[in-house]
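All remarks here apply to the structure that follows.
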Amino acid sequence: DTEVTQTPKHLVMGMTNKKSLKCEQHMGHRAMYWYKQKAKKPPELMFVYSYEKLSINESVPSRFSPECPNSSLLNLHLHALQPEDSALYLCASSQADNANYGYTFGSGTRLTVV
Amino acid sequence: AQSVTQLGSHVSVSEGALVLLRCNYSSSVPPYLFWYVQYPNQGLQLLLKYTTGATLVKGINGFEAEFKKSETSFHLTKPSAHMSDAAEYFCAVSRTGGGNKLTFGTGTQLKVEL
């Protein structure tokens, strides 16, 4: 299995809703990442988990809450989002705790906040 | 800190023509370099990577790139463009010696015309 699976593919939520994005990989990768991508822009790093511990938080607002329950699973909990948070949210994984072999990306969750 | 610059946010070629997408890097240490492709509404797919060794790197779908330290460049080429190559292309860099962070360029939109 050489894939990163993200669910759901599309999500529409109101500003008072609570929702979660899910990411799963079975490649034995021990680093997992959340990226946010706005239209016509490169991905922006949000969080990095290394060996199930949060190692990087790129000053992301607290309305985004990551969770890594085990080495294969990564969640992003969403609460009280703003319309400007609408974007493609990408999950990725990599070997060990460095990016030097490249990331494997999921196909993303298209989030719309109304 | 490392960074990459992609020259030309939009490149248009005729089907069958040479594809050349430009990427220059800035790094205080030897970098690891990557090219990713993103099709509409999808995640990023790794095309190729340079870590160490041979400076001419071959990737998937007929793409290749050459690491030129003297020019601090890692340009992506393909001898003959196909309609299916139309996509967004991102150059990315990570730091040798570890670390979780991939830094992306701003992207180049490739259009292939008949």
Side-chain angles (χ1 to χ4, degrees), chain A residues 2-10 21 23 25 27 29-51 53-58 68 74 87-112, chain B residues 1-6 8-10 21 23 25 27 29-53 57 59-60 63 65 67 74 87-111:
Chain A
T2 58
E3 288 187 348
V4 174
T5 303
Q6 289 188 245
T7 55
K9 292 195 182 304
H10 301 274
L21 309 184
C23 173
Q25 59 88 14
M27 295 176 281
H29 288 173
R30 301 309 299 271
M32 296 184 76
Y33 312 81
W34 281 114
Y35 276 83
K36 174 183 178 180
Q37 187 180 26
K38 301 285 273 185
K40 308 297 184 185
K41 298 290 186 182
E44 298 176 0
L45 182 65
M46 299 175 72
F47 302 105
V48 179
Y49 272 84
S50 178
Y51 295 94
K53 293 191 187 320
L54 183 65
S55 60
I56 295 177
N57 177 340
E58 291 285 291
C68 189
L74 185 66
L88 181 67
Y89 287 84
L90 293 165
C91 175
S93 68
S94 72
Q95 293 181 6
D97 59 354
N98 73 74
N100 295 336
Y101 294 94
Y103 294 177
T104 301
F105 280 88
S107 57
T109 294
R110 176 73 61 186
L111 174 68
T112 303
Chain B
Q2 64 272 20
S3 65
V4 288
T5 301
Q6 291 184 241
S9 58
H10 293 83
L21 304 182
C23 174
Y25 70 89
S27 178
V29 297
Y32 288 179
L33 294 158
F34 308 83
W35 276 100
Y36 284 86
V37 61
Q38 185 175 32
Y39 298 100
N41 298 313
Q42 293 190 25
L44 280 72
Q45 181 182 14
L46 181 64
L47 276 177
L48 48 81
K49 63 187 177 211
Y50 169 76
T51 53
T52 58
V57 181
I60 61 172
F63 284 94
F67 173 69
F74 189 59
E88 186 85 20
Y89 292 80
F90 292 99
C91 183
V93 62
S94 70
R95 182 174 56 87
T96 53
N100 299 95
K101 202 167 178 178
L102 268 186
T103 302
F104 289 90
T106 51
T108 298
Q109 181 72 46
L110 176 65
K111 183 178 179 181

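In this text, all values refer to a predicted model and were calculated from it rather than measured experimentally. So that the names make sense, note that chain A is the first sequence line, chain B the second, and so on, each numbered from 1.
- Here A:Gln37 is the residue among A:Arg110, A:Gln37, A:Lys40 with the most heavy-atom pairs under 4.5 Å with chain B.
- Heavy-atom distances place no part of B:Glu88 under 4.5 Å from chain A, backbone and side chain included.
- Under the 30°/60° scheme for interplanar angles, the aromatic rings of B:Tyr50 and B:Phe74 are found to be tilted.
- When B:Val93, B:Thr5, B:Val4 are each tested for a side-chain contact (heavy atoms from CB on, under 4.5 Å) with B:Cys23, only one passes: B:Val4.
- A 4.5 Å side-chain heavy-atom check between B:Tyr36 and B:Leu102 finds at least one atom pair inside the cut-off.
- Applying the side chain to side chain contact (heavy atoms under 4.5 Å, CB included) test to B:Thr108 and every residue at least two apart in sequence or in another chain returns B:Gln6, B:Val11, B:Leu21.
- Looking at B:Gln45, there are no atoms closer than 4.5 Å to chain A (heavy atoms on both sides), in backbone or side chain.
- Neither the backbone nor the side chain of A:Glu44 comes within less than 4.5 Å of any heavy atom in chain B.
- Interface remark: A:Glu58 contributes side-chain atoms only to the contact with chain B (heavy atom separation under 4.5 Å).
- Remark: of the listed residues A:Tyr103, A:Phe105, A:Tyr89, A:Phe47, A:Tyr103 is the sole one forming a ring-ring contact (aromatic ring centres under 6.0 Å, His included) with A:Tyr33.
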